[in-house]
There are 2 protein chains.
Amino acid sequence: MGPKLPSDSREKILQAAFAVLSREGYENTSIHDIAEEAGVAQGLVHYYFKSKQKLVLAVLFEVCQKMNVYTAEGTAGALAAFENFKVLLRTQPDAHSLYIQLMGVGLHDKEIGAGIRDNIRMERGHVEDLARQVLAERETDPSPSRAIASVVWAGVIGIMVQKSIDPEFNADEAVDALAAMALSAVYPSGQRA
Amino acid sequence: MGPKLPSDSREKILQAAFAVLSREGYENTSIHDIAEEAGVAQGLVHYYFKSKQKLVLAVLFEVCQKMNVYTAEGTAGALAAFENFKVLLRTQPDAHSLYIQLMGVGLHDKEIGAGIRDNIRMERGHVEDLARQVLAERETDPSPSRAIASVVWAGVIGIMVQKSIDPEFNADEAVDALAAMALSAVYPSGQRA
DNA sequence: CTCCTGTGATTGAATGACCAACCAAGTTTG
DNA sequence: CAAACTTGGTTGGTCATTCAATCACAGGAG
């Protein structure tokens, strides 16, 4: 028999919380349900996570880690990230569904809101870095990279939402169009008056 | 004393529900709170709206009406819509906040989900019509209009989300960039004005 | 080798609060 | 008067959190 790590139950609870939250939805999920899914007693959930809020915060952190798409740099990295996103849309619908829900919760829960906000800022920052690298490769003005990142990340969120809510939504087509628009906008031709 | 319209209380409840839901959040809002805000008895809420779900559905319909941005057609209509959206971001933060929350709720509530889904499809359809008009004005292939609409509406949702969650988000810059990308993408790739 | 004991892990029941929905009785209005 | 409207209390249930009690086990004492 392998050694019984003290964090074994903690991990089971975390996975169960993710499963129940994404399956049943935030407002339909009780600590009791999570404990049942994890196969432990209700009290143990509060032993490892002081409150429901802290547990959901830990789950949010877990979800964010499942959504990483950055595997390379420069133009190739940008193209790869869009491809990775298309794969994630197929393989991680639960994580996306839960993320969308926690966005809503975060609007009125200080801690969860801070978690979501930090995640969005970080992701937008990654996109901005990629945009700057692409612009540098083309030896053009790097100043629009922030605006581009705002739009690209908005598109990512919006595609996630439409895909989650509408099963008929053509996500691949949308991602391809977003990629084309983003990479053509990086050219200096898109200047505004 | 003015004449007491029978629909007066119903309207008061609807407005109160919008106010409390957007201020406190969905899972922190009870029928009791809404009745108190409206200045009526608890039972009256169930008299006019059979259930909490039906009430929220009516509020969702109300919210969607506050988010209309289409005032003209063709390229001018598209530009006007983006400008109207920028105004809405400043004037209707409550409606946007509530809409985002109901997106999350709709993922696990059949009726609210159907309401959100129909709204998204309709909005995307409006954008697609505008895109087709713009492409027609330019006498180019209208086939990419669906993909463009998917990306533009994704951008709209994503900008709403980022603006609601992050007070420091520069929404005007993002909308301008989205407009520029959308209107330049309408050109067939390779041609530049 | 056995017993003892302290500590963290785990249990399940109790607490106190809250809520959606229902209802029976009152009020207004046409 | 009858129908629509309004009231506020009741009901049956759920929930997060707390807590006292039990368990597993490691390691020191005898």
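These numbers were taken from a predicted model, which means no experiment stands behind them. A note on names: the letters A, B, ... follow the listed sequences, proteins ahead of strands, and every chain is numbered from 1.
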Is the NZ or CZ atom of A:K66 positioned over A:F18's six-membered ring, under 6.0 angstrom from the centre and within 45° of the axis? yes
Could you state the atom-to-atom distance from NZ of B:K50 to P of C:dA20 in whole Å? 18 Å
Short side-chain donor-acceptor distance under 3.5 Å, B:H108 and A:E27: no
Comparing A:G43 with A:D33, nearest DNA chain D nucleotide closer to 5' gives the residue A:D33
If you only use heavy atoms from C-beta on, which nucleotide in C:dT10, C:dA20, D:dG8 is closest to the side chain of B:A41? D:dG8
Given C:dC23, is OP1 or OP2 found less than 4.0 Å from the side-chain N or O atoms of B:Y47? no
Write down the distance between NE2 (B:H46) and P (D:dG8), rounded to a whole number of angstrom. 17 Å
What is the distance, rounded to the nearest whole Å, between atom CD of B:E36 and atom C1' of D:dG8? 14 Å
B:I31 CD1 to D:dG9 P, in whole Å, measures 18 Å
C:dA14 P sits how many Å from A:Q42 CD, rounded? 13 Å
Whole angstroms only, please: what is the NZ-P distance between A:K52 and D:dT14? 15 Å
Taken to the nearest whole Å, NE2/B:H32 to C1'/C:dC18 is 11 Å
Side chains of A:Q15 and A:E62, donor plus acceptor under 3.5 Å: yes
Interatomic distance where CG belongs to B:D8 and P belongs to D:dT6 [whole Å]: 8 Å
Among D:dT17, C:dA9, D:dT6, the nucleotide that comes nearest once only the side chain of A:S51 is considered: D:dT17
Can B:T75 and B:E137 be counted as having a side-chain donor-acceptor contact under 3.5 angstrom? yes
